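To start, the structure itself, in C-alpha cells.
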Amino acid sequence: MNRVKRRNYSCHISPHVQKLFINPDPKMTCCSFFLRNMNSEILQAFQRELTCPICMNYFIDPITIDCGHSFCRPCFYLNWQDIPILTQCFECIKTTQHRNFKTNIRLNKMASLARKASLWQFLSSEEQMCGIHRETKKMFCEVDKSLLCLLCSSSQEHRDHKHCPIEWAAEEHRENLLKKMESLWEKACENHRNLNMETTRTRYWKDYVNLRLEAIRAEYQKMPALHHEEEKHNLEMLKKKGKDIFHQLHLSKAKMAHRREILRGMYAELKKMCHKPDVELLQGFGDILHRSESVLLHMPQPLNLELSAGPITGLRDRLNQFRVDITLHHDEANSHIFQYGDLRIICIGCDHQNAPHTTATPTSFLAWGTQTFTSGKYYWEVYVGDSWNWAFGVCNKFWKENNQNDNIYGEEGLFSLACVKNDIQFSLFTTSPLTLQYVPRPTSHVGLFLDCEAGTVSFVDVNQSSLIYTIPNCSFSPPLRPIFCCIHL
C-alpha cells in the first residue's frame with residue numbers, strides 16, 4: 001500500500017491575526033473576529049445555516065428530522081398541531097413519524113457561538129462602553145440587572161453584589177428556560193392524552209349506559225315478577241348516575257381544553273424569551289420561571305368513572321342451578337390477554353406510539369379448564385381476591401392453539417372479563433368486542449354464566465349480587481374451554 005508522505009507546511013499569519021491571539025483585544029473574541037472578517041455573502045450563508053426556518057432566529061435546542069432539515073425543538077413542537085403521529089416537514093413537506101428527537105449537538109454549539117459573536121459585536125459598540133473607565137461592559141449584575149465593566153463590578157457600590165460574565169449568565173438563564181420548557185411540554189402531552197381519553201369516553205358514554213340498562217333489564221326478565229319494583233328502582237338509579245357522569249365528563253373536557261391553552265401559551269412565552277438577545281434576556285427575565293412553575297400546579301386529571309348497579313335479589317340462586325365444577329390445568333406462559341394495543345388506546349386515549357405498554361411477564365399464571373362445552377348453560381365462579389391483574393372467561397380451540405404457540409392472535413374467539421392495573425388505577429374490560437367496563441373492581445368472587453344457545457357470556461360480582469356485563473351475540477365456534485390467567489406486572 002502506498003503511503004502518503006506528510007509534509008510540513010508553513011502558514012503565514014497576518015500581523016493583525018497574530019496581535020489578536022498574542023495580545024487579544026477584550027473588545028473582540030475569536031467569534032466576533034471570525035464573523036467580522038468573513039465575506040458578507042459567506043456570512044449570510046453561514047447565518048442561514050444556523051437559523052431556524054420557523055422563527056428565523058438562531059437555533060435553540062435544535063433537532064434534525066428524517067428528511068435532514070433542522071428546527072428549534074420548541075418551534076417544531078408548537079407547530080406540531082394536536083401532537084399527531086405523523087407530521088410534515090415545514091421545509092420539504094415530507095412526513096416524519098419520530099417523536100423522541102435528540103438534540104443536534106454540533107448545530108447547538110455553532111448556534112451558541114453565533115449568539116456569543118452577536119453579543120460581543122453589540123458590546124463592542126461605542127454606546128456600550130463604560131463611561132467612566134472606557135472599558136467593555138463584560139459583567140452582569142444579578143441584583144440591579146445592569147451591565148458593568150470589570151472595574152465597576154469591583155467598586156464599592158457593586159462589591160457585595162453577585163456578578164458573572166454576560167455570556168455565562170445568558171447561557172445559564174437559557175438552560176433554565178429550556179429545562180422548564182421540557183417539563184411544560186411533558187405536562188402538555190399528558191394533558192393531551194387525558195383530553196383524548198375524556199373525549200373518547202364522552203362520545204361513547206350514552207351507548208355504554210344503554211348497553212348496561214339493556215343487560216340488567218334482560219336479567220330481570222329471567223327473574224320472578226315480584227322483582228318489578230326493584231328493577232324499576234335500579235334502572236332509574238342507573239339512568240340518573242349515567243346522566244350525572246355525562247355532565248361531569250363535559251366539565252372535565254372543558255377544564256383540560258382550557259389547561260391546554262394555558263400550557264401552550266406559557267411554553268410559547270418561554271420560547272420567545274429564549275430567543276431574545278443575551279442582554280435583553282438577562283434584563284427582562286423577571287419572574288417568568290416562577291410563573292411557569294405555577295402553571296404546572298393543579299393539573300386536571302381524568303375522572304375515575306364508576307357506574308355501579310344495584311344488587312339483583314336472587315341472582316346467584318338462579319345461576320347456581322347451572323353450577324359446574326371446573327378443573328384447571330395449570331401452566332406458565334406468556335399470555336397475550338393484556339397485550340392488546342387497542343385496549344391501551346381506549347384506556348388512556350393516546351396514539352399507538354405514545355401508548356404505555358402493559359405486557360405480561362414470563363411467569364404469567366395461565367390455567368385452562370379440562371372441560372369443554374358445546375351446548376347448554378353453565379355457571380362457575382373464580383376467586384380474584386385483591387389481585388389487580390387477572391382475566392377469565394371462555395375461548396374456542398383456535399384461540400387456545402394460537403396463544404399456546406406464542407402468536408398474538410387477538411381477541412377473536414376469546415370471551416373474557418379482565419382487570420389490568422394502570423399506574424394507581426385499574427381498567428376492567430370485556431373482550432369480543434373489546435369494551436371498558438366502568439364498574440367497581442370485584443374483590444372476591446366473580447361468576448361466569450355461559451349460555452351456548454342464546455350466544456351470551458355474563459359476568460357477575462358475587463359479593464354484590466350485581467351484573468357486571470353480558471357479552472351479547474357471541475360467535476362461539478365450539479367447543480369452548482374455560483381459561484383463567486393471573487399476572488403480576
Side-chain angles (χ1 to χ4, degrees), residues 304-306 308 316 319 324-344 346-348 356-371 378-396 399-400 402-404 406 408-450 457-471 474 480-489:
N304 185 19
L305 306 183
E306 280 195 1
S308 56
R316 193 185 185 198
L319 295 176
V324 291
D325 293 324
I326 300 297
T327 304
L328 297 175
H329 172 68
H330 296 256
D331 195 6
E332 287 189 354
N334 283 327
S335 173
H336 306 307
I337 295 173
F338 299 95
Q339 290 186 314
Y340 297 144
D342 290 340
L343 172 68
R344 295 198 304 271
I346 292 173
C347 286
I348 65 173
H357 291 277
T358 307
T359 55
T361 63
T363 56
S364 304
F365 172 80
L366 185 63
W368 309 96
T370 55
Q371 299 98 320
Y378 307 92
Y379 175 74
W380 64 93
E381 295 176 357
V382 171
Y383 179 74
V384 295
D386 58 358
S387 174
W388 287 67
N389 298 285
W390 51 263
F392 91 109
V394 292
C395 67
N396 60 25
W399 190 91
K400 179 178 183 292
N402 274 271
N403 278 268
Q404 278 183 320
D406 211 31
I408 301 179
Y409 177 62
E411 62 174 300
E412 187 177 345
L414 173 67
F415 310 91
S416 66
L417 171 71
C419 180
V420 177
K421 187 175 182 181
N422 181 18
D423 296 327
I424 60 172
Q425 296 182 338
F426 71 93
S427 296
L428 202 68
F429 66 96
T430 50
T431 60
S432 300
L434 200 61
T435 308
L436 279 172
Q437 300 298 331
Y438 301 102
V439 298
R441 178 174 64 92
T443 56
S444 182
H445 288 84
V446 181
L448 182 153
F449 178 60
L450 169 65
V457 178
S458 300
F459 298 96
V460 175
D461 187 329
V462 176
N463 274 18
Q464 301 299 320
S465 188
S466 62
L467 180 70
I468 295 173
Y469 188 69
T470 296
I471 305 175
C474 299
L480 299 173
R481 188 181 296 273
I483 179 176
F484 177 72
C485 182
C486 185
I487 297 178
H488 299 284
L489 298 177

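Because the structure is a prediction, the values reported are computed rather than measured.
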To the nearest 0.5 angstrom, please state how far the [atom1] atom of [X] sits from the [atom2] atom of [Y].
X	Y	atom1	atom2	answer
Glu381	Asp325	CD	CG	10.5 Å
Trp380	Phe392	CH2	CZ	8.0 Å
Tyr469	Phe429	OH	CZ	14.0 Å
Ile471	Leu450	CD1	CG	10.5 Å

Flag, side chain of [X] to backbone of [Y], donor-acceptor distance under 3.5 Å:
X	Y	result
Arg481	Gly369	yes
Thr435	Thr430	no
Thr431	Leu414	yes

(request) Could you give me the CA-CA distance, side-chain angles and deciding distance for Leu448 and Val382, then say whether side-chain contact (heavy atoms from CB on, under 4.5 Å) is met? (result) CA-CA 8 Å; Leu448 182 153; Val382 171; over 6 Å; no

[X]: what forms a side chain to side chain donor-acceptor pair (under 3.5 Å) with it, not counting sequence neighbours?
X	answer
Thr327	none
Ser466	none
Gln464	none

(request) Taking ring-ring contact (aromatic ring centres under 6.0 Å, His included) as the test, write out the residues that go with Tyr378, two or more places apart. (result)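 ring-ring contact (aromatic ring centres under 6.0 Å, His included) list for Tyr378, sorted by chain: Phe373.
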
(request) Using the test ring-ring contact (aromatic ring centres under 6.0 Å, His included), find all partners of Phe449 that sit at least two apart in sequence or belong to another chain. (result)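 Result, ring-ring contact (aromatic ring centres under 6.0 Å, His included) vs Phe449: Phe322.
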
(request) For side-chain contact (heavy atoms from CB on, under 4.5 Å), just list the numbers for Trp390 and Cys485, CA-CA rounded to whole Å, side-chain angles, deciding distance to a tenth of an Å, and then say yes or no. (result) CA-CA 5 Å; Trp390 51 263; Cys485 182; over 6 Å; no

(message) By the definition side chain to side chain contact (heavy atoms under 4.5 Å, CB included), identify the one residue from Val460, Asn463, Val462 that meets it with Arg316.
(response)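 That would be Val462; it is the only one of Val460, Asn463, Val462 passing the side chain to side chain contact (heavy atoms under 4.5 Å, CB included) with Arg316.
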
Between [X] and [Y], which heavy-atom pair has the shortest distance, and what is it?
X	Y	answer
Phe426	Val439	CZ-O, 3.8 Å
Gly413	Ser432	N-OG, 4.4 Å
Val384	Pro442	CG2-O, 3.8 Å
Leu428	Pro440	CD2-O, 4.4 Å

(message) Are Pro482 and Trp368 packed together at the side-chain level, in the sense that at least one heavy-atom pair is separated by less than 4.5 angstrom?
(response)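 A side-chain contact is absent here, since even the closest heavy-atom pair is not under 4.5 Å.
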
(message) Any non-hydrogen side-chain atom of Ile483 less than 4.5 Å from a side-chain atom of Ser416?
(response)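 No. Closest side-chain heavy atoms not under 4.5 Å.
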
(message) Suppose we screen for salt bridge (charged side-chain N to carboxylate O under 4.0 Å, His left out). Which residues come up paired with Arg441, at least two apart in sequence or across chains?
(response)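 Arg441: no salt bridge (charged side-chain N to carboxylate O under 4.0 Å, His left out) contacts found.
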
(request) List the steps and the verdict of side-chain contact (heavy atoms from CB on, under 4.5 Å) for Glu306 and Tyr438. (result) CA-CA 5 Å; Glu306 280 195 1; Tyr438 301 102; 5.9 Å; no

